[in-house]
Q: 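Here you go, one structure.
Basis for what follows: all heavy atoms, side chains included, without hydrogens, waters or symmetry-related copies.
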Amino acid sequence: MKSLILGAVAALLVAGAAVAGPVTLKANPVDSDGRVTFGDLFDGAGAASDVVIGARAGPSIVFEAGQLQSLARQSGLDWANPTGLRRVVVRNAAAAPSATAPTFAAVAGEAPPVAAARPQPARAALAERVITRNDMVEVAYEVGGVRLTITGRAEGNAAVGQRLAVRNLQSGRTIDAVAIGPGSALAGPASQDARATQQLAAR
């Protein structure tokens, strides 16, 4: 049964592959409405400019570089990450610095700068939405030490630890997952553990 499941997920991954066009990461990515798109991040995003890949609930949102590359490929974009960035920070356009030098990257494991936010109660923070309906979401499926990922579109809103339906745009199938961060979710046995952990933290 495990082999059948892994084979099905691998087939979805192959079906979702697209011919990618090169794009360049902007020096200071910003968004103005809390919905982060490829157009906010990349020059040359073309038809994918309006694709939403995350929701910024605070002054900034952080993407892992590998996750961002995977999301871009699913939408036909190729970001080569020539400088080897590990993270990319997108800020509120109203509060972003105006410096022309790149301010988005965390390299060599250094944490990216994040604007200070007002303290929030733990319960309120857990309920904060990290995925919004129609966002592009990377879903990881882990079983038997093997990890596979697919990218689809969120069919609803979710906070960390909440269940979420994600539709694969190529196959049309809906995946039952659990949100773990902006644009990220888990499916399979690992999702149950993630949900249980968040429920305990909320008590």
Side-chain angles (χ1 to χ4, degrees), residues 12-115 129-140 148-155 157-158 164 166-170 177 179-185:
L12 291 176
L13 287 171
V14 173
V19 177
V23 291
T24 303
L25 187 66
K26 293 183 177 180
N28 186 26
V30 296
D31 78 279
S32 57
D33 58 1
R35 296 169 65 83
V36 180
T37 67
F38 282 127
D40 295 325
L41 282 157
F42 297 115
D43 290 322
S49 293
D50 294 330
V51 174
V52 177
I53 58 171
R56 176 184 51 76
S60 64
I61 181 173
V62 180
F63 294 93
E64 295 294 330
Q67 174 196 19
L68 193 57
Q69 284 182 304
S70 177
L71 291 171
R73 282 194 299 269
Q74 291 292 328
S75 290
L77 304 178
D78 179 23
W79 174 47
N81 191 11
T83 56
L85 303 177
R86 293 189 179 181
R87 299 178 183 87
V88 176
V89 179
V90 181
R91 295 183 174 81
N92 184 344
S98 58
T100 57
T103 59
F104 50 77
V107 294
E110 182 180 344
V114 178
R129 180 188 302 176
V130 294
I131 295 176
T132 301
R133 180 180 175 85
N134 293 327
D135 282 358
M136 295 302 293
V137 180
E138 184 178 82
V139 181
L148 298 172
T149 61
I150 62 173
T151 301
R153 192 178 301 279
E155 301 231 310
N157 306 325
L164 173 73
V166 179
R167 183 172 297 275
N168 185 294
L169 299 184
Q170 281 71 39
I180 59 172
S184 300

Q: Kindly write out the residues that satisfy side chain to side chain donor-acceptor pair (under 3.5 Å) with Thr24, not counting sequence neighbours, or none if the list is empty.
A: none

Q: If every non-hydrogen atom of Ala57 is compared with every non-hydrogen atom of Arg129, which pair is closest and at what distance?
A: CB-O, 4.1 Å

Q: Considering all heavy atoms of both residues, which atom of Thr132 and which atom of Ala154 are nearest to each other, and what is their separation?
A: O-CB, 3.7 Å

Q: Which pairs count as ring pair (Phe, Tyr, Trp, His ring centres under 6.0 Å) when at least one residue sits in residues 59-94, sequence neighbours excluded?
A: Phe42-Trp79

Q: Just jot down the salt bridge (charged side-chain N to carboxylate O under 4.0 Å, His left out) partners of Arg153, sequence neighbours excluded, or say none.
A: none

Q: With sequence neighbours left out, which residue pairs that include part of residues 42-51 fulfil the side-chain hydrogen bond (donor to acceptor under 3.5 Å, both in side chains) condition?
A: none

Q: Considering all heavy atoms of both residues, which atom of Ala55 and which atom of Ile61 are nearest to each other, and what is their separation?
A: O-CD1, 3.5 Å

Q: Identify the heavy atoms of Ser75 and Ala48 that sit nearest to each other, and give their distance.
A: O-CB, 4.0 Å

Q: Is there a side-chain contact between Thr37 and Val51 in this structure, where contact means two heavy atoms from C-beta onward sitting under 4.5 Å apart?
A: no

Q: Got a second to check how far Ile53's CD1 is from Thr151's OG1, nearest 0.5 Å?
A: 10.5 Å

Q: Applying salt bridge (charged side-chain N to carboxylate O under 4.0 Å, His left out), can you list everything that pairs with Asp31, at least two apart in sequence or on another chain?
A: Arg56

Q: Any donor and acceptor pair, going by atom type alone, linking the side chain of Asn157 with main-chain N or O of Arg133 inside 3.5 Å?
A: yes

Q: Hey, are the side chains of Asn92 and Pro59 touching, using non-hydrogen atoms and a 4.5 Å cut-off?
A: no

Q: Is a side-chain N or O of Gln74 found less than 3.5 angstrom from the main chain of Met136, in a donor-acceptor match?
A: no

Q: Show the nearest heavy-atom pair for residues Gln67 and Pro182, with the distance to one decimal.
A: NE2-O, 3.3 Å

Q: Quick check for you: to the nearest 0.5 Å, what is the distance between Leu41 atom CG and Lys26 atom NZ?
A: 8.0 Å

Q: Can you list everything that forms a salt bridge (charged side-chain N to carboxylate O under 4.0 Å, His left out) with Glu64? Sequence neighbours excluded, please.
A: Arg87

Q: If I take atom OG from residue Ser184 and atom CG from residue Leu164, how far apart are they, to the nearest 0.5 angstrom?
A: 11.0 Å

Q: Show the nearest heavy-atom pair for residues Val88 and Pro29, with the distance to one decimal.
A: CG1-CG, 4.3 Å

Q: Is there a donor-acceptor pair closer than 3.5 Å between any side-chain N or O of Asp135 and the backbone N or O of Val137?
A: no

Q: Leu85 vs Leu68, test: side chain to side chain contact (heavy atoms under 4.5 Å, CB included). Steps then yes/no.
A: CA-CA 11 Å; Leu85 303 177; Leu68 193 57; over 6 Å; no

